[in-house]
Amino acid sequence: MIIVLRPDATEEQQDHIIKKLKGLGLQVHISKGTERTIFGAIGDEAILQSVPLEAIPGVEKVLPILKPYKLASRDFRKENTVIDVGGMQIGGNRIAVMAGPCAIENKTLLVEIAKEVKAAGANFLRGGAFKPRTSPYAFQGLEEEGLKYLAETRERVGLPVVTEVMDPRDIDMIVKYADIIQIGARNMQNFRLLKDVGLCKKPVLLKRGISATIKEWLMSAEYIMSGGNHQVILCERGIRTYETATRNTLDLSAIPVLKQMTHLPVVVDPSHAVGKWDLVAPMAKAAVAAGADGLIIEVHSNPEEALCDGEQSLKPKSFKQLMDELRPIAVAVGRTI
Ligand code: PEP
Ligand code: MN
């Protein structure tokens, strides 16, 4: 249920409404917009049927949220959510660019790549320390050692960092090092993991599951948000279709569809979508043109020696060229990059 407050609702009135809703056993989520404050009352809505909420001072109207995802829905929040990460914003006018290697391999290489992507205009560094590999014999990531390199690189180069969490048992460790925690495609419906990151204070980059519908994806966002963490960034990374020419099929229409359904920022990962470095740039450009709030791109100084996803990694020079080519596209859609 959405409770829209009157613009002149006082603090006391708001506190009273919150108390009343909590007293009815409902969870209360607050969305403060520029014009209106909205309370989302989540729980057994049947309870509210017999309570005349509109009679309470400060309440303007009460509306049901018909969608199964509630806190993630545009009904709950009309304005776009803008997530601030150390002064860098995701979901605002400037397109956020996250770039870096698939996996953290060693400190020297990470620092080198970080410097290159920063110079080219990236504003976040990506790098996995826990890698979800199809084969148990493939490189699994440097784990905590990798996280240390990531945090050291952040200090040296000055870019906030995003890294994946695969297991609820690692969350406490990862939040010590990361600025944004990533939930990978393979874990989009790991509900225990979603619930646990929902209790964290860090922004979460939630990748779309390999075969997930947009609705299922938003329900996963809802899991995180219902725990109290509203800082969710959705990341389209391609879905599995019958097409085999690309690693996955980038669902570009998900961007405008999500913009209608949710207030959450939408980032696109063209690297995992296409799986081949020379297809990354056109899809990155298309994503910006279609309204993406950000990009996450794999960059490696020496892709042929990369321990993971070398075939889809851009060299720093191609990444810089892409950044230069993205600028006029961003401007054409009223954004900056
Ligand atoms: C990644 O970003 O390194 C990754 C494994 O992505 P995905 O979960 O989208 O496959
Ligand atoms: Mn990868």
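Counting convention: from 1, in listed order, for ligands and their atoms alike.
Distances between N or O atoms of Glu164 and those of ligand 1 include no value under 3.5 Å.
In the vicinity of Lys207, heavy-atom distances shorter than 4.0 Å reach the ligand 1 atoms 1 (C), 2 (O), 4 (C), 6 (O), 7 (P), 8 (O), 9 (O). Interface of Gly184 with ligand 1, defined as ligand atoms under 4.0 Å from a residue heavy atom, comprises 8 (O). Interface of Arg186 with ligand 1, defined as ligand atoms under 4.0 Å from a residue heavy atom, comprises 7 (P), 8 (O), 10 (O). Here is the list of ligand 1 atoms found below 4.0 Å of a heavy atom in Pro132: 5 (C).
Contacts between Ala103 and ligand 1, counted as non-hydrogen atom pairs separated by less than 4.0 Å, are absent for every part of the residue.
The salt bridge (Lys or Arg N to Asp or Glu O under 4.0 Å) test with Asp309 singles out one residue from Arg126, Arg133, Arg237, Arg247, and that residue is Arg247. A side chain to side chain contact (heavy atoms under 4.5 Å, CB included) with Val161 holds for exactly one of Asp179, Ile180, Val85; it is Asp179. None of Leu258, Thr262, Ile239 except one satisfies the side chain to side chain contact (heavy atoms under 4.5 Å, CB included) rule with Trp217; the exception is Leu258.
Using a 30° and 60° split on the angle between ring planes, His230 and His29 fall in the parallel class, below 30°.
A pairwise comparison of heavy atoms in Pro101 and Leu125 identifies CD-CD1, 4.5 Å as the closest pair. Closest non-hydrogen pair, Val175 versus Cys200, comes out as CG1-SG, 4.0 Å.
Of all N/O/S atoms in Asp309, OD2 sits nearest the Mn ion (ligand 2). Nearest N/O/S atom of Glu298 with respect to the Mn ion (ligand 2) is recorded as OE2. Minimum-distance N/O/S atom of His272 relative to the Mn ion (ligand 2): NE2.
Between Lys176 and Asp172, none of the side-chain N atoms (NZ, or NE/NH1/NH2) sits under 4.0 Å from a carboxylate O, so this pair counts as no salt bridge.
Closest heavy-atom approach to atom 1 (C) of ligand 1 among the candidates His272, Arg237, Met188: His272.
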